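The structure under discussion appears below in the form of C-alpha cells.
Nothing here was measured: the structure is a model prediction, and the numbers come from that model. Remember, it's 1-based here, ligands and their atoms both numbered in the order they're listed.
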Amino acid sequence: MAKITVSLIKADVGGYPGHASVHPDLIKEGEKVLKEAKKEGLLIDFRVMGAGDDLQLLMTHNKGVDSSDIHGLAWQAFEKATKVAKNLKLYGAGQDLLSDAFSGNVRGMGPGVAEMEFTERKAEPLVAFMMDKTEPGAFNLPIFKIFGDPFNTAGLVVDPSMHAGFIFEVWDILEHKKVLMSLPEELYDLLALIGAKSRYVIKRVFPKKGGKLPVDEPVAVVSTEKLYEIAGEYVGKDDPVGLVRAQSGLPALGEVLEAFSFPHLVSGWMRGSHNGPLMPVSFKDARCTRFDGPPRVVGAGFQLSNGLLVGPVDLFDDPAYDITRQKAQEITDYIRRHGPFEPHRLPLEEMEYTTLPKVLQKLKDRFEEVE
Ligand code: 13P
Ligand code: 13P
Ligand code: MG
Ligand code: MG
C-alpha cells in the first residue's frame with residue numbers, strides 16, 4: 001500500500017472574542033475548502049478543528065511532506081477563512097498569514113506545520129495535539145516523557161519491541177541546525193539541550209533498528225515555526241501542534257496521554273510574555289479566558305483506516321484529567337500574583353512586547369554612575 005501522509009497545518013486567522021477561540025464560521029469555511037479538495041481526490045480525508053484561537057486543518061493524502069499542492073490548499077483555506085474573519089471583524093483577522101503571495105510552501109509564512117509520511121500499520125492509532133498560548137518548546141517535556149522516560153512509559157522497560165529506545169531529532173531554532181540523538185544512551189546530553197526549551201526543540205522521533213517499525217518513518221512530529229523570527233517583530237505566539245502515533249512497538253495511547261498529566265510551566269500566555277502551566281482540556285474548554293489562558297492543550301484521537309480519519313475522540317474530555325486541571329488552576333492563581341515580576345513575566349530576551357527601550361530612553365539623562 002502507498003504510504004500515507006498526515007499533515008496538521010494551523011494558523012490564527014482571527015480570534016473570537018479577542019484571542020479566546022475560533023468562530024464557528026471559520027471552521028465551516030475551512031471545511032468547505034477541504035471538502036472540495038477531497039472530492040477532487042487531492043485529500044483522502046480531513047478534519048477542521050479549533051483549539052483556542054487557532055484554526056486547525058488535519059489532512060491525509062498521498063502527496064508526501066512539504067507538498068506544494070497540500071500547502072497551497074491550506075493557504076487557500078486560511079485566506080478564505082480570513083475573509084470571513086474580516087467580515088465579522090474578528091480580532092487580528094489574518095494575523096498568522098505574513099505574506100500576500102503563496103510561493104509553494106507555507107513554512108516561514110506564518111502557519112505552523114506538523115506532518116509525517118509513513119506506512120499505515122494493521123491498526124494505526126494517531127493523536128493530534130494542539131496547543132494555544134505557548135511555543136513549540138512546550139512539547140519538549142511531554143514528547144521526552146512519552147519516548148524517553150521509563151517512569152512515564154512502561155513499554156520502554158517491559159515491551160521487547162521498544163526496549164532499545166528511540167532516536168530524537170532536535171532543532172536549534174536560533175541557529176537553524178539539527179542533530180539526531182539516541183536514547184537511552186545519550187539521555188543526559190539530550191536533556192542538556194531540550195531543557196532549554198526556548199532554543200532547542202524536539203522536531204521528530206524515529207524508531208530504532210530491530211523494532212517493528214521502519215527506521216526512516218517518524219513516529220512523532222512537532223511544528224517548530226517561530227513567528228517572531230519570521231516576521232522580525234511580534235505578531236503572536238507560535239502556538240504549536242504535534243502528531244504522535246501509538247501502540248504496537250510504540251508507546252501505548254495511555255502512555256502518550258500520561259505525559260500530559262503534569263501541568264508543566266511553559267512560556268506564552270498573556271501577550272506571549274508570561275510563564276504558566278499547560279492545562280489539558282476538551283475541545284469545549286479550549287477557550288483561553290483567564291489572562292488569555294492559561295496555556296492549553298487539546299488531544300484529538302483517531303484510528304487511521306487506509307488514510308480515512310476515524311474519529312476524533314476528545315481525549316482530555318475525561319475526569320481522569322480533573323486533578324491535572326485543578327493543579328494547573330492552583331499554579332495559575334499562584335504565579336499570577338507575581339504580576340509583572342519574573343519568573344511569571346518572561347526574562348527580557350524572551351519578551352515579545354517590551355516598553356523597556358522607551359523607559360530607558362526617558363531615564364537616559366537621570367542614570368548616574370554608581371560610586
Ligand atoms: P500494544 O502492544 O498493541 O501496544 O498494546 C499494549 C497496551 O495496550 C497496553 O496498554
Ligand atoms: P495568540 O498567539 O493565541 O493569538 O495570543 C496572542 C496574545 O497576545 C494573547 O494574549
Ligand atoms: Mg490570536
Ligand atoms: Mg493562538
If we only consider heavy atoms of Trp269, is any one of them less than 4.0 Å away from an atom in ligand 2? yes
Does the His344 side chain pair with the main chain of Phe341, one donor and one acceptor, at a distance under 3.5 Å? no
Here the N/O/S atom of Asp132 closest to the Mg ion (ligand 4) would be OD1
With atoms numbered from 1 as shown, which atoms in ligand 2 lie under 4.0 angstrom from a non-hydrogen atom of Lys133? 1 (P), 3 (O), 5 (O), 9 (C)
Under 2.8 Å from the Mg ion (ligand 4), is there any N, O or S atom belonging to Asp239? yes
Do Met181 and Leu193 touch side chain to side chain, with heavy atoms closer than 4.5 Å? yes
Check His19 against ligand 2 and report side chain, backbone, both or neither, counting heavy atoms closer than 4.0 Å. side chain
What atoms in ligand 2 come closer than 4.0 Å to a heavy atom of Gln95? 4 (O)
Contact atoms of ligand 2, heavy-atom distance to Met270 under 4.0 Å: 10 (O)
When you compare the side chain of Phe129 with that of Leu8, does any pair of heavy atoms fall below 4.5 Å? no
Can you confirm whether Leu253 sits close enough to Gln247 that some side-chain heavy atom of one is under 4.5 Å from a side-chain heavy atom of the other? yes
To the Mg ion (ligand 3), the closest N, O or S atom belonging to His19 is ND1
Taking C-beta and beyond as the side chain, do Trp269 and Arg336 meet within less than 4.5 Å on heavy atoms? yes
Nearest to the Mg ion (ligand 3) - the N/O/S atom of Asp12, by atom name: OD2
Charged N to carboxylate O under 4.0 angstrom, Glu29 versus Lys83? no
Among the N, O or S atoms that Asp53 has, which is closest to the Mg ion (ligand 3)? OD2
Do the non-hydrogen side-chain atoms of Leu90 and Leu26 ever get within less than 4.5 Å of each other? yes
Could you please spell out the steps behind the side-chain hydrogen bond (donor to acceptor under 3.5 Å, both in side chains) verdict for Lys208 and Ser182? CA-CA 9 Å; Lys208 274 188 176 170; Ser182 181; 3.1 Å; yes
Quick one: which ligand 2 atoms are inside 4.0 Å of a heavy atom on Asp53? 1 (P), 3 (O), 4 (O)
Is Asp54 touching ligand 2 with its side chain, its backbone, both, or neither, if touching means heavy atoms under 4.0 Å apart? neither
